[in-house]
Amino acid sequence: MIITKEQFKKDFEKKMLKLYAQEVEDSTVHMQYFTLGYLMKEYISEGWAKTTNRYTKYGEKQVYYFSIEFLLGRLLASNLLNLGIRNTVSDALKDMGLSLKEIEDVEVDPGLGNGGLGRLAACFMDSMASSGIPGNGNGIRYKYGLFQQKIVDGYQVELPENWLRDDNVWEIRKSDKAVKVKFYGDAWMKPREDGSLEPIHTDYQEVLAVPYDTALVGYENKTVNTLRLWNAEVPNYTDDIQGELNFNKVLLNKREIESISEVLYPDDSHHEGRVLRLKQEYFFVSAGLQSIVAQHKDAGHPLSELHNYVAVHINDTHPAVAIPELMRILMDEEGMEWAEAWHITQNTMSYTNHTIMSEALEKWQIDLFKELLPRIYLIIGEIDRRFREILSSKFGEDQNQIEKMAIISGGYVRMAHLCIHGTHSVNGVAKLHTELLKSQELRDFYMLYPYKFNNKTNGITHRRWLMLANPELSDLLDETIGNSWRRNPQDLKLFKKYKRDPEIQKKVEQIKRNNKEKLAAYIKEKNGIIVDPNSIFDVHVKRLHAYKRQLLNALHILHQYHEILENPNFEMLPKTYIFAAKAAPGYYFAKEIIKFINALAEQINNDPRVEDRIKIVFLENYSVTLAEQIIPASEVSEQISTTTKEASGTSNMKFMMNGAVTLATLDGANVEILEEVGHPNIVIFGMTEKEVLNYYRNGGYNSREIYESDARVKRVLDSLTNGFIKGIQVEGQDIFKNLIDYNDEFFVLKDFDSYVAAQKKMEDLYRDRFTWNKMSIENISSSGVFSSDVTVMQYASGVWDTRIIER
Ligand SMILES: *Cc1c(COP(=O)(O)O)cnc(C)c1O
């Protein structure tokens, strides 16, 4: 959009008067935020209505991205950026004596996700709008987002994240678009006179799903897509014509109903089989599909062609009930026959797999499922029956094989199997991950449906993670290679030719230095720790999980500490180790690792013998907003998961784009980062995929042997339990047990030696400023393929078959 400073000032002043009956000069920053936010929504609304109408009018095929999480991050800055008015607004506010940065800091970060999966959904929303793909998000409007983390005495404490306590300026409640979702009751098939069967569902509980829409503004184009999040409410029983109002019952139900959209489950990569979670899943899926079908009919399109107008994407298995729910709508409500409904459903739906870890695979107890969703269970039963027929025709009487692949088996409904059978596309999120799906975890399904399997390597939006997070680097890119990279991120490769240019190298180094100073100031303010911006900033930020191996990093730091104590003249470049991570509240071991890191920090940071060669900082409450501050200031990117365990990772891409050098195992998208930058520009260590798979399959790993044969490992582990590190009596014992008595499931000790060597190599590279700056530039300029703009275009052409409206 185009607006002059003068016009904006007028609009802003007028809006402030209207909202607060107040002049700008007397306003608080809080008022300024809401004034600017509501004004922005007005600026967006015309384009939003136009986009929606255009999709309908021209019958564009639309994508609906179904995800139980959307980890958006703050929207004011990104909306200003994408509208193309951020500089004008910033200047105009400055003229009025106001600071855009301060105003932006008022916004609460809507934390409606745990980590990578929810953030991916958010990056895709930004990239779809910016690439002109007709795309919508569909999810839950949680009243409480992911808990806020406080660190108290080194321990994680969780506080509720009441992100809606003030107005949310970005959402619009659409009461007229509310739909009803049915739970519980009895469902059966009643024979009709002609012998056919009629589906009956009685005595159900009705929940009102009310949509709240948020605009998704495309980058300097005309597209404004929609994110629709559903709120669970009590239906208005006063229009119950039967007059059997039972107010007590209604009030008792109120709490139960509202709890559906009350709080996000705080588990990442772990499936918890609670009924409330299944309620959440069916709630947003049913509401979303009902509104999609209603819209399709309103537009006058025949239902038999739904899949030509609509693509529904299932982000991990949480929305898997979309498959039987669309069958239900098409058959029970629209009177379609099974065969046609199944054809449409399969061709409408596509599925992304996000993990191969068995504890994350969703399976629901039959009894629980049947009680909550009786009609959906009947439909899944029929899907399973027909699937077993296909399997029989393939495998004959091999009952074992059939049970292994069935959808309902062993007392459970298996959501991944439902997704593979019920969709036309199954994709992994990085090359290695997709290969593992095909050759290991989903091998049988790959044999059955080879044509469904494909890879779509994850991506990140370069608008949030480069343009907004690192404005100085963005300006330098404009000055050197022009600004085409903003629209076509793959043009970042033009920057490669400056990798040996001393002047540009110096500028890149200076920008990193400035970002480090800002982060150092933040660390001082939050943690009271003074860190030296000349030290190497080595950063490990992501969810706390054993497979992500924050423990390996911490044990190496402890090892370095021992080296310093043993040899006071121990030579090393000063290092600042930065951690940030939330642990699931019930994940005891992960919380113990947080305590361990904090105890280590307390001791090392305050030991004069260390002479500031090592500082450890644990920043609390990791979130999108915090990530935006940390990543541009990072030099070493810790991506050290146990090989085969990290499906893709996306923070690895964010770091690279900001010029950090990756210290990595050959896991997830690290493999593709290596392909892009080449061996000289990344440091790889650790077990290969083959070694890991071999140990998991055939056993033979014995962590105690390493403990007994490697003196460094022994010294480090003994200091966990002998009181050397203060304040971790319990945690130290438990970590020791996990690594030795329980044989170190994630090969921390197995990889210890090569990690120490890799850390040393990293340090040597850093000493040589020319080499390091060159590596940094190589990483920045190779990061364009990891823009989610590239990823969503691949989905659009390879999976969704949607047209690109504008570029
Ligand atoms: C990108 C991101 C993640 C994902 O990080 P990984 O290292 O890929 O697990 C998690 N949380 C936040 C806030 C992020 O921005």
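For the numbers below, each heavy atom of this structure counts, side chains included, while hydrogens, waters and symmetry mates do not. Both ligands and their constituent atoms are indexed starting at 1 by order of listing.
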### Message
As an exercise, identify every atom of ligand 1 less than 4.0 angstrom from a heavy atom of W465.
### Response
15 (O)

#### Entry: Nearest option to atom 7 (O) of ligand 1, as decided by whichever heavy atom of G118, A627, S651, A669 sits closest
S651

### Query
Any nitrogen or oxygen of K542, main chain or side chain, under 3.5 Å from a nitrogen or oxygen of ligand 1?
yes

### Task
Show which atoms of ligand 1 fall inside a sub-4.0 Å distance from at least one heavy-atom site of Y622.
11 (N), 12 (C), 13 (C)

#### Entry: Taking atom 9 (O) of ligand 1 as the reference point, the nearest protein heavy atom with its distance
K548 NZ, 2.7 Å

### Message
Whether R463 and D126 form a salt bridge (side-chain N of Lys/Arg under 4.0 Å from carboxylate O of Asp/Glu) is what I want to check.
### Response
yes

#### Entry: K431/E675 ion pair, N-O < 4.0 Å
yes

### Query
Based purely on interatomic distance, does K654 place a nitrogen or oxygen under 3.5 Å from a nitrogen or oxygen of ligand 1?
yes

### Task
Sort out for me which residue in Y64, F124, Y795 forms a ring-ring contact (aromatic ring centres under 6.0 Å, His included) with H313.
Y795

### Query
In ligand 1, which numbered atoms sit nearer than 4.0 Å to a non-hydrogen atom of G116?
3 (C), 4 (C), 10 (C)

### Task
Measure the NZ-CH2 distance between K493 and W485 for me, rounded to the nearest 0.5 Å.
14.5 Å

### Query
Does NZ or CZ of K516 lie under 6.0 Å from the centre of the six-membered ring of F537, at an angle within 45° of the ring axis?
yes

#### Entry: E435/K438 ion pair, N-O < 4.0 Å
yes

### Query
Within 45° of the ring axis of F147 and under 6.0 Å from its six-membered ring centre, is that where the NZ or CZ of K582 lies?
yes

### Message
Does ligand 1 come near enough to T650 that some N or O of the ligand is less than 3.5 Å from an N or O of the residue?
### Response
yes

### Task
Before accepting this row, confirm whether a basic side-chain N of the pair K591/E158 lies closer than 4.0 Å to the acidic partner's carboxylate O.
yes

### Query
Counting heavy atoms only, which of G115, G111, G113 is nearest atom 10 (C) of ligand 1?
G115

### Query
Side chain, backbone, both or neither: which part of S648 has a heavy atom under 4.0 Å from ligand 1?
neither

### Message
With heavy-atom distances below 4.0 Å as the criterion, list the atoms of ligand 1 near G649.
### Response
8 (O)

### Query
Would you say R543 and ligand 1 have an N/O pair spaced under 3.5 Å apart?
no

